[in-house]
2 protein chains.
Amino acid sequence: MTQPTICPKFEKAVSLLSQKWTALVIYQLLLGTQRFSEIQTAIGISGKVLSDRLKDLESQEIIKREVIPKTPVVIKYSLTDKGKSMKPIIRDIEKWSQLWVK
Amino acid sequence: MTQPTICPKFEKAVSLLSQKWTALVIYQLLLGTQRFSEIQTAIGISGKVLSDRLKDLESQEIIKREVIPKTPVVIKYSLTDKGKSMKPIIRDIEKWSQLWVK
DNA sequence: TTAATCAGTTACTTTATGTAACTTACTGTA
DNA sequence: TACAGTAAGTTACATAAAGTAACTGATTAA
């Protein structure tokens, strides 16, 4: 009856990826810096959920939000180093899906 | 205004991993065949959700369910080849979490 | 003046998870 | 024999997460 406690860091990473849309947002930003509406139309997510997701990811320093003071203002999202370092995870999911998902 | 359609296979893989507990169940079964109650206490999931998850994963042929007709009956869950092939994904998440999650 | 875009927010609905108690064998203990 | 316990779930109900559609406020273009 030992509670084999799973590593909390691993658990946290897993809970990040088990939020819907997280992986797709990161996948999209691996293609380069993008604006809110670009991400939205690329992956087909609602404004509300994208807004939530971007806030989460920003607070975890996986993405950064840049305000470019033009008129009208432009807001650009991109991956931080922490975010970019998730690339192998995303690439493995891609590879696996090509081999195994019918 | 092109809809850059994300690969449906990739999307499907992502939606699998974005269900809560899926990655942890697979992680646990990478340690070897386990019984319902073993998985349950190992990862701290409720019977109801574990039951749902195992049904999903079985229907996608990621795990197999074996009934061993002893008295009382023993039920064992293990990964199929498709399930085992997700090991690199899980290992990458582990590695990333060790390096980047505080 | 009206329409359109961008980056969201708001209010409300639906779906997913979580909680706790219960079930149906069967076994082991008093 | 009666009582408690385990394994592998299921049921009914409660809360949290995600989806939908309409709306904002600033700005520009027709």
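First the proteins, then the strands, lettered A, B, ... as listed; each starts at 1.
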Could you give the side-chain donor-acceptor pairs of residues 7-27 of chain B under 3.5 Å, partners two or more places apart or in another chain?
unit_1, atom_1, unit_2, atom_2, d
B:Ser15, OG, B:Lys12, O, 3.1
B:Ser18, OG, B:Val14, O, 3.2
B:Ser18, OG, B:Ser15, O, 3.2
B:Gln19, OE1, B:Arg53, NH1, 3.3
B:Thr22, OG1, B:Leu16, O, 3.3
B:Thr22, OG1, B:Gln19, O, 3.4

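- Take the nearest nucleotide of DNA chain D for A:Lys48 and for A:Val73: the residue whose nucleotide is more 5' is A:Lys48.
- For A:Lys76, the side-chain hydrogen bond (donor to acceptor under 3.5 Å, both in side chains) test picks out no residue, with sequence neighbours left out.
- Rounded to whole Å, atom P of C:dA7 lies 15 Å from atom CD1 of A:Ile45.
- In this structure A:Ser85 satisfies the side-chain hydrogen bond (donor to acceptor under 3.5 Å, both in side chains) test together with B:Trp96, B:Trp100, sequence neighbours excluded.
- Within residues 11-21 of chain A, no residue places a heavy atom under 4.0 Å from DNA chain C.
- If you measure from atom CD1 of B:Ile39 to atom C1' of D:dA8, you get 11 Å, rounded to the nearest angstrom.
- Among residue pairs with one or both ends in residues 60-74 of chain A, those qualifying as side-chain hydrogen bond (donor to acceptor under 3.5 Å, both in side chains) are A:Arg65-A:Tyr77; sequence neighbours excluded.
- For the OP1/OP2 pair of D:dA7 and a distance below 4.0 Å, the side-chain nitrogens and oxygens of B:Arg35 include no atom meeting the criterion.
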Every protein N/O lying under 3.5 Å from an N/O of nucleotides 28-30 of chain D:
unit_1, atom_1, unit_2, atom_2, d
D:dT28, OP1, A:Thr71, O, 3.4
D:dT28, OP1, A:Thr71, OG1, 3.3

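- Remark: P of D:dT6 and CD of B:Glu38 are 15 Å apart, rounded to the nearest angstrom.
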Pairs under 3.5 angstrom, nitrogen or oxygen only, protein versus nucleotides 21-24 of chain C, please.
none

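- Summarising the hydrophobic clusters (Ile, Leu, Val, Met, Phe, Trp, Tyr; side-chain heavy atoms under 4.5 Å, direct or chained), the residues clustered with B:Leu31 are none.
- Here C:dC6 presents its P atom at 14 Å from OH of A:Tyr77, a figure rounded to the nearest Å.
- In terms of modelled atom types and a separation under 3.5 Å, the side chain of B:Glu38 and the main chain of B:Arg35 share a donor-acceptor contact.
- For B:Ser51, there are no side-chain hydrogen bond (donor to acceptor under 3.5 Å, both in side chains) partners two or more places apart in sequence or in a different chain.
- Taking 4.5 Å as the limit, some side-chain heavy atom of B:Asp81 sits within range of a side-chain heavy atom of B:Lys84.
- Nearest heavy-atom pair across B:Pro88 and A:Asp92 is O-OD2, 3.4 Å.
- Using a 4.0 Å heavy-atom cutoff across all strands shown, B:Ser37 reaches sugar-phosphate atoms only and no base atom.
- Spacing between atom CZ of A:Phe36 and atom C1' of D:dT24 amounts to 14 Å, rounded to whole angstrom units.
- Every side-chain hydrogen bond (donor to acceptor under 3.5 Å, both in side chains) that B:Arg91 has, sequence neighbours left out, goes to B:Glu94.
- Side-chain proximity of B:Ile75 to C:dT19, D:dA18, D:dG9: nearest is D:dG9.
- Looking at heavy atoms from C-beta onward, A:Ile39 lies in side-chain contact with A:Leu29 at the 4.5 angstrom threshold.
- Hydrophobic cluster of B:Ile68: the remaining members, joined at side-chain heavy-atom separations below 4.5 Å, are B:Val74, listed by chain and number.
- At a non-hydrogen distance threshold of 4.0 Å, B:Ser51, B:Lys55, B:Arg65 from residues 50-65 of chain B come into contact with DNA chain D.
- Smallest separation of non-hydrogen atoms from B:Val67 and B:Pro69: O-CD, 3.5 Å.
- When side chains are defined from C-beta on, A:Lys48 counts as touching A:Asp52, because their heavy atoms get closer than 4.5 Å.
- In the set D:dA7, D:dG9, D:dT20, D:dT20 carries the atom at the smallest distance from any side-chain atom of A:Ser46.
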